[in-house]
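Read the structure below first, then the notes.
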Amino acid sequence: QVQLVESGGDSVQPGGSLRLSCAASGRIFTINDMGWYRQAPGKQRELVARITSGGSTTYVDPVKGRFTISRDNAKNTVYLQMNNLKPEDTAVYYCKADVSISVSLRYFEVWGQGTLVTVSP
C-alpha cells in the first residue's frame, strides 16, 4: 500500500508563512506528477499547484507569486512553501501523487490525509 503523510499545517496571521511537506512511502516503482489541493469551508476541492517528475510547475492564479511547489525525488517528498498568507488561503490542504507500482507504468492516484491551514488575525 502506498501512503502519503502530510505535515506542516498550522494557524498563522495574515502575511505569515508555512511550509507543507508530503512524503510518499510503500510499494512505489516511480512517482509521476504530484500536486497540492485545498478545500475551504463551504467550497469544493481545488487544485493549488502541480509539479511534474521533471520539475515543471503549474499554479492557480490566486497563489501565483506567493506559493512555491517543489519536490525531492530521492526522498519521495513534495513541498509547498506558502508566503504572504491571506485569510482566503484558509483550508484543508491535500497532497496527491500519481504512483506506479510496476514496470507497466500504469499510474494510480494516491491522496494524503489533509493538513489544516488557518489564516486569521
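Since we're looking at a predicted model, the values are computed, not measured. Residue indices begin at 1 and follow the sequence shown.
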Just checking, is any N or O donor in the side chain of Ser104 or Ser102 under 3.5 Å from an acceptor N or O on the other one? yes

Taking the six-membered ring for Trp and the full ring for Phe, Tyr or His, determine whether the centres of Tyr37 and Trp111 are under 6.0 Å apart. yes

Report the distance from atom CG of Asn83 to atom OG1 of Thr68, rounding to the nearest 0.5 Å. 6.5 Å

In chain order, what residues pass the salt bridge (charged side-chain N to carboxylate O under 4.0 Å, His left out) check against Glu88, with sequence neighbours excluded? none

Partners of Ser25 by side-chain contact (heavy atoms from CB on, under 4.5 Å), sequence neighbours excluded? Gln3

Exercise: identify the closest heavy-atom pair between Met82 and Leu20: CE-CG, 3.7 Å

Do Val78 and Val60 sit in one hydrophobic cluster, given that two such residues count as connected whenever their side-chain heavy atoms are within less than 4.5 Å of each other, even indirectly? yes

Nearest heavy-atom pair of Leu80 and Trp36: which atoms, and what distance? CB-NE1, 3.5 Å

With the side chain counted from C-beta on, respond yes when Pro87 and Ser120 share a heavy-atom pair under 4.5 Å apart, and no when they do not. no

Short question: side chain of Ser53, backbone of Asn32 - any donor-acceptor pair under 3.5 Å? no

Once rounded to the nearest 0.5 Å, what's the spacing between atom CD1 of Ile101 and atom CZ of Arg106? 9.5 Å

Applying side-chain hydrogen bond (donor to acceptor under 3.5 Å, both in side chains) as the test, list every pair that has at least one member in residues 4-16; sequence neighbours left out. none

Test of understanding: with side-chain contact (heavy atoms from CB on, under 4.5 Å), list the residues that count as partners of Ser70, not counting sequence neighbours. Tyr79

Looking at residues at least two apart in the chain, or sitting in another chain, which of them share a side chain to side chain donor-acceptor pair (under 3.5 Å) with Arg38? Glu46, Asp89, Tyr93

Tell me yes or no: between the side chains of Thr52 and Asp33, is some donor less than 3.5 Å from an acceptor? no

On a heavy-atom basis, which atom in Thr77 and which in Ala23 lie closest, and how many Å separate them? OG1-CB, 3.6 Å

Apply the test side-chain contact (heavy atoms from CB on, under 4.5 Å) to residues Asp98 and Phe108: give CA-CA distance (whole Å), side-chain angles for both, the deciding distance (0.1 Å), then the verdict. CA-CA 5 Å; Asp98 297 327; Phe108 297 86; over 6 Å; no

Applying side-chain contact (heavy atoms from CB on, under 4.5 Å) to Ile31 and Asn76, what does each step give before you reach the verdict? CA-CA 8 Å; Ile31 301 178; Asn76 288 333; 3.8 Å; yes

Path from Val92 to Leu47 over hydrophobic side-chain contacts below 4.5 Å: yes

Calculate, to the nearest 0.5 Å, the distance between atoms CZ and CG belonging to Phe67 and Leu18 respectively. 9.0 Å

Taking every heavy atom of Asn84 against every heavy atom of Ser17, the minimum-distance pair comes out as N-OG, 4.1 Å

same_hphob_cluster(Leu116, Tyr94) at 4.5 Å side-chain heavy-atom cutoff: yes

Can you tell me how far CD1 of Ile69 sits from OG of Ser56, rounded to the nearest 0.5 angstrom? 11.5 Å

Answer yes or no: is there a donor N or O on one side and an acceptor on the other, between the side chain of Thr57 and the main chain of Ile51, under 3.5 Å? no

Can you hop from Tyr107 to Val99 via hydrophobic side chains spaced under 4.5 Å? no

Sorted by chain and number, sequence neighbours left out, side chain to side chain donor-acceptor pair (under 3.5 Å) with Lys43 holds for none

